[in-house]
Amino acid sequence: MTENEAQAAKVITKRSKIINGFLTVVWFCFWTWFLQDYVPLEAKHENDALILGIAAMTAASLTGVFWIAIGMYSVVYNDHKLRSRS
């Protein structure tokens, strides 16, 4: 293992993956719940599954952006901690 690979392994930890995964699931659930009121359908009371599906698809795109952002943030934060220690 080279020095760059060893440092990359320290920056991406199992703990950060678990925290990022948990936050991503919470983010998706929140946006799915929140966006259900903003789905533009005429007969909302008859199409609950459709409303949930559209809200979930919209929340999925927001969650993808959040997942990338939180991943980049955790890598930069962990790298900053490693560099400040040495």
Linking I/L/V/M/F/W/Y whenever any side-chain heavy atoms sit under 4.5 Å apart, do Leu23 and Leu62 land together? yes
Taking distance alone, no hydrogens or angles, what donor-acceptor pairs closer than 3.5 Å link side-chain atoms of residues 14-21 to residues at least two apart or in another chain?
unit_1: Ser16; atom_1: OG; unit_2: Thr13; atom_2: N; d: 3.3
unit_1: Ser16; atom_1: OG; unit_2: Thr13; atom_2: O; d: 2.9
unit_1: Ser16; atom_1: OG; unit_2: Thr13; atom_2: OG1; d: 3.2
unit_1: Asn20; atom_1: ND2; unit_2: Ser16; atom_2: O; d: 3.2
unit_1: Asn20; atom_1: ND2; unit_2: Ser74; atom_2: OG; d: 3.2

Check the hydrophobic clustering (I, L, V, M, F, W, Y; side-chain heavy atoms under 4.5 Å; chains of links allowed) and say if Trp31 and Trp33 are grouped together. yes
Inter-residue atom distance Met57.CE - Thr32.OG1, 0.5 Å rounding: 11.0 Å
Are Trp27 and Phe30 close enough that their ring centers fall under 6.0 Å? no
Given side chains that start at C-beta, do those of Thr24 and Phe66 come closer than 4.5 Å, heavy atoms only? yes
Note, Asn47 side chain near Val39 side chain (heavy atom, < 4.5 Å): no
Single-linkage hydrophobic cluster Ile54~Ile51, side-chain heavy atoms < 4.5 angstrom: yes
Does the plane of the ring in Tyr38 sit parallel, tilted or perpendicular to the ring in Phe34? Use 30° and 60° as the thresholds. tilted
Do Val75 and Leu82 share a hydrophobic cluster (ILVMFWY, side-chain heavy atoms under 4.5 Å, transitive)? yes
Assigning hydrophobic clusters by single linkage (Ile, Leu, Val, Met, Phe, Trp, Tyr; side-chain heavy-atom cutoff under 4.5 Å), is Ile70 placed with Phe28? no
Tracing side-chain contacts under 4.5 Å among Ile, Leu, Val, Met, Phe, Trp and Tyr outward from Ile68 reaches Trp67, Met72
